[in-house]
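What follows is a short report on a single structure.
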Amino acid sequence: MGEIHATTIFAIQHKGKSAMAGDGQVTLGNQVVMKHTAKKVRRLYNGQVLAGFAGSVADAFTLFEMFEAKLMEYDGNLQRAAVELAQQWRGDKMLRRLEAMLLVMNEETLLLVSGTGEVIEPDDGILAIGSGGNFALAAGRALKQYAGETMNAKEIANAALTTAADICVFTNHQIIVEALNE
């Protein structure tokens with residue numbers, strides 16, 4: 001049996017709004033789709049923070065719990081919670097084995113958190129992870145630049161994920177979009 005993986009997450013901050021989208025596909029290894037309707041984007045910290053994962057499902061659930069505990073410990077300070085999670089993740093021998101990445105955001109900040117210690121804030125307010133992440137990232141950047149005045153953050157997130165699902169075999173069209181400050 002292979003590892004169970006979940007795939008594409010896209011997040012954007014645009015015109016004062018924030019949105020995160022994820023597809024629903026969970027794949028066993030590289031050959032079998034095990035689930036079509038997984039929810040990979042979650043609201044945390046009383047709905048004020050969005051978090052999405054790509055990678056091993058069990059590992060991602062562990063990271064969600066750890067990140068939410070850090071948010072509680074640091075009174076919702078997203079940057080501090082992300083840095084503390086990354087430090088703990090990288091510094092612990094067992095946690096280092098976790099195979100997942102997180103995107104986290106609140107109304108002001110968007111971050112990528114990885115097990116190698118990275119906490120990255122994008123210059124352009126757009127991030128994507130997972131097997132379809134580069135497709136979603138390219139589509140989202142084009143949409144933000146060329147259709148930015150006619151589309152809001154939620155619409156761009158949905159369209160970027162739809163484009164990724166059209167191209168990436170590990171991304172499906174069962175898209176869930178969560179938005180902050182709508």
Side-chain angles (χ1 to χ4, degrees), residues 1-14 17-44 47 49-68 82 85 89 95-105 110-116 118 120 122 124-144 147 151-180 182:
M1 293 292 275
E3 289 282 320
I4 294 178
H5 291 282
T7 54
T8 307
I9 303 294
F10 175 86
I12 183 168
Q13 294 177 310
H14 178 62
K17 308 290 183 192
S18 302
M20 187 178 293
D23 73 306
Q25 186 165 306
V26 176
T27 308
L28 179 63
N30 290 324
Q31 298 178 355
V32 178
V33 176
M34 297 297 291
K35 185 174 177 80
H36 297 282
T37 59
K39 186 173 183 199
K40 300 179 234 172
V41 175
R42 304 254 166 111
R43 287 182 175 273
L44 304 175
V49 173
L50 298 177
F53 74 88
S56 172
V57 177
D59 293 351
F61 287 137
T62 299
L63 293 171
F64 272 151
E65 289 174 12
M66 289 174 55
F67 181 67
E68 189 158 39
L85 174 65
W89 188 357
L95 293 177
R96 255 186 270 155
R97 293 181 175 177
L98 297 180
E99 296 180 8
M101 295 181 83
L102 292 177
L103 293 185
V104 296
M105 71 187 320
L110 169 60
L111 301 169
L112 179 145
V113 185
S114 80
T116 54
E118 283 92 10
I120 300 169
D124 61 358
I126 300 174
L127 283 171
I129 56 175
S131 48
N134 288 335
F135 303 122
L137 183 64
R141 284 185 174 160
L143 288 166
K144 184 174 181 175
M151 296 178 78
N152 63 36
K154 196 170 182 177
E155 292 167 332
I156 291 173
N158 188 62
L161 242 296
T162 299
T163 300
D166 288 344
I167 299 168
C168 178
V169 297
F170 297 107
T171 306
N172 71 12
H173 288 90
Q174 301 298 314
I175 298 167
I176 293 175
V177 181
E178 293 282 351
L180 298 171
E182 291 186 90

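Just so you know, these numbers come straight off a predicted model, no measurement behind them.
- One finds the CE atom of M20 at 14.0 Å from the NZ atom of K154 (value rounded to the nearest 0.5 Å).
- Remark: N134 CG is loosely packed, at most 12 non-hydrogen atoms of other residues, nucleotides or ligands lying under 6.0 Å away.
- The shortest non-hydrogen separation linking L143 to A159 is CD1-CB, 3.5 Å.
- Note: S114 OG to L85 CG = 10.0 Å, rounded to the nearest 0.5 Å.
- Formation of a donor-acceptor pair under 3.5 Å by the Q25 side chain with backbone atoms of V169 is found in this model.
- Taking CG of N172 as the reference point, atom OG1 of T27 lies at 8.5 Å (rounded to 0.5 Å).
- A salt bridge does not link E155 with K17: every distance from a Lys NZ or Arg NE/NH1/NH2 to an Asp or Glu carboxylate oxygen is 4.0 Å or more.
- Between L180 and R43 the shortest heavy-atom distance is CD2-NH1, 3.5 Å.
- The shortest distance between side-chain heavy atoms of M105 and E178 does not fall below 4.5 Å.
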Does K35 form a side chain to side chain contact (heavy atoms under 4.5 Å, CB included) with T37? I'd like the steps, not just the answer. CA-CA 6 Å; K35 185 174 177 80; T37 59; 3.9 Å; yes
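- The two residues L102 and F67 make their nearest non-hydrogen contact at CD1-CB, 4.4 Å.
- In this structure a side-chain-to-backbone donor-acceptor pair under 3.5 Å is missing from R42 to V49.
- Between the side chain of K40 and the main chain of D23, a donor-acceptor pair closer than 3.5 Å is present.
- Contact annotation: the side chain of F170 never approaches that of V33 to less than 4.5 Å [non-hydrogen atoms, C-beta and beyond].
- Taking every heavy atom of both residues into account, K144 and I12 meet most closely at CD-CD1, 4.1 Å.
- Within the 4.5 Å cutoff, the side chain of L110 has heavy atoms near those of the P122 side chain.
- Under the 4.5 Å side-chain criterion, counting only non-hydrogen atoms from C-beta, V32 is in contact with M34.
- Going from atom CD1 of I176 over to atom CG of N158 covers 11.5 Å, rounded to the nearest 0.5 Å.
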Assess whether side chain to side chain contact (heavy atoms under 4.5 Å, CB included) is satisfied between M101 and E118, documenting all intermediate values. CA-CA 10 Å; M101 295 181 83; E118 283 92 10; over 6 Å; no
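- Contact record, F53 with I9: O-CG1, 3.1 Å, taken as the closest heavy-atom pair.
- Summarising the geometry, atom CE belonging to M151 is positioned 5.5 Å from atom CD1 belonging to I156; distances are rounded to the nearest 0.5 Å.
- Residue T163 holds its OG1 atom at 12.0 Å from CG of L137, rounded to the nearest 0.5 Å.
- When all heavy atoms of A157 and A19 are compared, the closest pair comes out as CB-CB, 4.1 Å.
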